[in-house]
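Reviewing the structure listed below.
The model shown is predicted, which means the values in this text are computed figures rather than measured ones. These numbers come from the heavy atoms of this one structure, side chains and all, not from hydrogens, waters or symmetry mates.
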Amino acid sequence: MLRNYIQKRQQMREQKDNFYTASGIHVYTKDQMVNDLVDLEGVVSELEAKLPDHIRDGVEMVIVGHFNEFDERGINAFYKDGALYVSNVQDDDEDLLDDLIHETAHSVEEQYGMEIYADQKIKQEFMRKREHLYNVLWKMGFKAPKEMFADPEYSQEFDEFLHQDIGYDKLSEILKGIMISPYAATSLREYFATAFTDFYLYPDSHSYLQRVSPEVYKKLVELHQLDQA
């Protein structure tokens with residue numbers, strides 16, 4: 001009797017840790033969620049509800065756990081080869097949903113890179129904001145090389161400069177009304193991904209995003225409506 005109970009509990013645990021969603025996304029838990037209140041299945045279901053099918057086409061799998069890349073790169077989620085890798089340390093459901101949507105943005109970049117970046121409009125918008133940031137920080141005494149601000153690609157050195165030398169709290173004040181979040185300043189790809197996250201996480205509150213990052217917003221609307229063309 002006890003043996004059957006244990007086996008049944010184990011089977012239920014395995015089903016919870018390894019399942020497929022209605023749209024075919026494979027969800028696998030490598031390491032258990034630290035916060036038992038986080039509803040992984042419910043959050044993935046919400047991801048599917050918020051994002052159109054064609055936007056999720058590049059996501060085949062969600063893997064939850066701790067990975068070496070988190071320690072090496074100082075991150076808690078990443079996208080690679082069709083899979084969203086997310087940390088098992090999450091504050092709540094919204095925290096997890098934020099990570100999943102953000103990393104889905106990077107899958108969309110792979111799928112629709114030409115549509116997003118070919119006309120250079122997002123890059124031009126981003127670089128104008130980077131130049132503004134450089135000028136403001138220089139006046140404040142943060143005299144980093146201008147070359148760091150002129151490179152749109154991700155740089156760990158630049159990320160650490162923003163995060164550690166300046167601090168995201170101070171950066172948030174500096175960039176209010178200029179970028180959607182402090183992390184958006186780290187690279188062109190993160191500029192797009194943070195806007196993408198805001199666009200889908202808050203579908204009824206686009207006015208600030210549209211005002212702050214108009215070119216990204218226009219592109220997101222175009223991408224969202226691709227399946228209606």
Side-chain angles (χ1 to χ4, degrees), residues 21-25 27 33 35 37-60 62 64 75-79 84 86-87 89-113 115-117 119 121-126 128-129 168-169 171-229:
T21 69
S23 69
I25 297 177
V27 181
M33 282 285 183
N35 183 352
L37 297 178
V38 174
D39 178 8
L40 175 60
E41 189 169 355
V43 171
V44 176
S45 178
E46 190 172 358
L47 175 77
E48 292 178 310
K50 284 182 175 292
L51 275 59
D53 291 348
H54 71 283
I55 293 295
R56 288 186 280 102
D57 274 351
V59 178
E60 301 172 1
V62 173
V64 178
I75 57 176
N76 64 352
F78 64 94
Y79 168 80
L84 307 180
V86 292
S87 173
V89 180
Q90 300 286 342
D91 293 337
D92 49 34
D93 288 358
E94 185 169 340
D95 190 25
L96 175 59
L97 182 61
D98 185 294
D99 285 347
L100 291 175
I101 294 178
H102 184 96
E103 297 310 321
T104 299
H106 295 309
S107 78
V108 170
E109 285 181 304
E110 284 193 1
Q111 191 174 4
Y112 298 108
E115 288 85 348
I116 296 169
Y117 296 117
D119 62 9
K121 289 184 178 179
I122 292 179
K123 182 179 179 180
Q124 290 164 4
E125 180 176 79
F126 174 71
R128 286 196 300 270
K129 293 172 187 288
Y168 276 177
D169 288 343
L171 195 60
S172 182
E173 287 299 314
I174 295 169
L175 292 174
K176 188 177 293 183
I178 298 169
M179 290 190 181
I180 201 70
S181 78
Y183 194 60
T186 58
S187 72
L188 177 60
R189 293 190 67 196
E190 295 306 337
Y191 181 67
F192 172 78
T194 52
F196 179 98
T197 304
D198 195 86
F199 184 88
Y200 283 108
L201 197 57
Y202 308 110
D204 299 321
S205 305
H206 285 168
S207 58
Y208 183 69
L209 174 61
Q210 186 175 9
R211 178 166 60 85
V212 170
S213 303
E215 293 300 337
V216 184
Y217 179 76
K218 289 176 191 174
K219 199 68 68 174
L220 287 169
V221 171
E222 290 174 9
L223 288 171
H224 183 76
Q225 296 175 343
L226 275 177
D227 65 335
Q228 301 171 18

Once rounded to the nearest 0.5 Å, what's the spacing between atom [atom1] of [X] and atom [atom2] of [Y]?
X: Y217; Y: I180; atom1: OH; atom2: CD1; value: 11.5 Å
X: D99; Y: L47; atom1: CG; atom2: CG; value: 11.5 Å
X: E46; Y: E94; atom1: CD; atom2: CD; value: 8.5 Å

Donor + acceptor pair across side chains of E109, Y79 (<3.5 Å)
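E109 vs Y79: no donor-acceptor pair found between side chains.
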
Looking just at side-chain N and O atoms, do H106 and E190 make a donor-acceptor pair shorter than 3.5 Å?
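Present: a donor and an acceptor within the cut-off.
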
Option from L51, T104, L100, V108 for which side-chain contact (heavy atoms from CB on, under 4.5 Å) with V59 holds
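Exactly one option meets the side-chain contact (heavy atoms from CB on, under 4.5 Å) with V59, and it is T104.
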
Within the structure provided, determine whether V216 and F199 are in side-chain contact (heavy-atom separation under 4.5 Å).
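No, their side chains stay 4.5 Å or more apart.
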
Could you tell me if the side chain of E60 sits less than 4.5 Å from the side chain of I25, heavy atoms only?
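Answer no - side chains too far apart.
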
Check whether any side-chain N or O of S172 sits under 3.5 Å from a backbone N or O of D169 as a donor-acceptor pair, and report yes or no.
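Flag not set: sc S172 to bb D169 has no pair under 3.5 Å.
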
NZ of K123: more than 12 outside heavy atoms within 6.0 angstrom?
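Result for NZ/K123: open.
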
Name the orientation class of the two ring planes belonging to Y191 and F126 (parallel below 30°, tilted from 30 to 60°, perpendicular beyond 60°).
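Plane angle between 30° and 60°, so tilted.
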
Establish, yes or no, whether a centroid distance under 6.0 Å links the rings of Y200 and H224.
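Yes, close enough.
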
Is it true that H102 and F196 have ring centroids separated by less than 6.0 Å?
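They do not qualify: ring centres at least 6.0 Å apart.
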
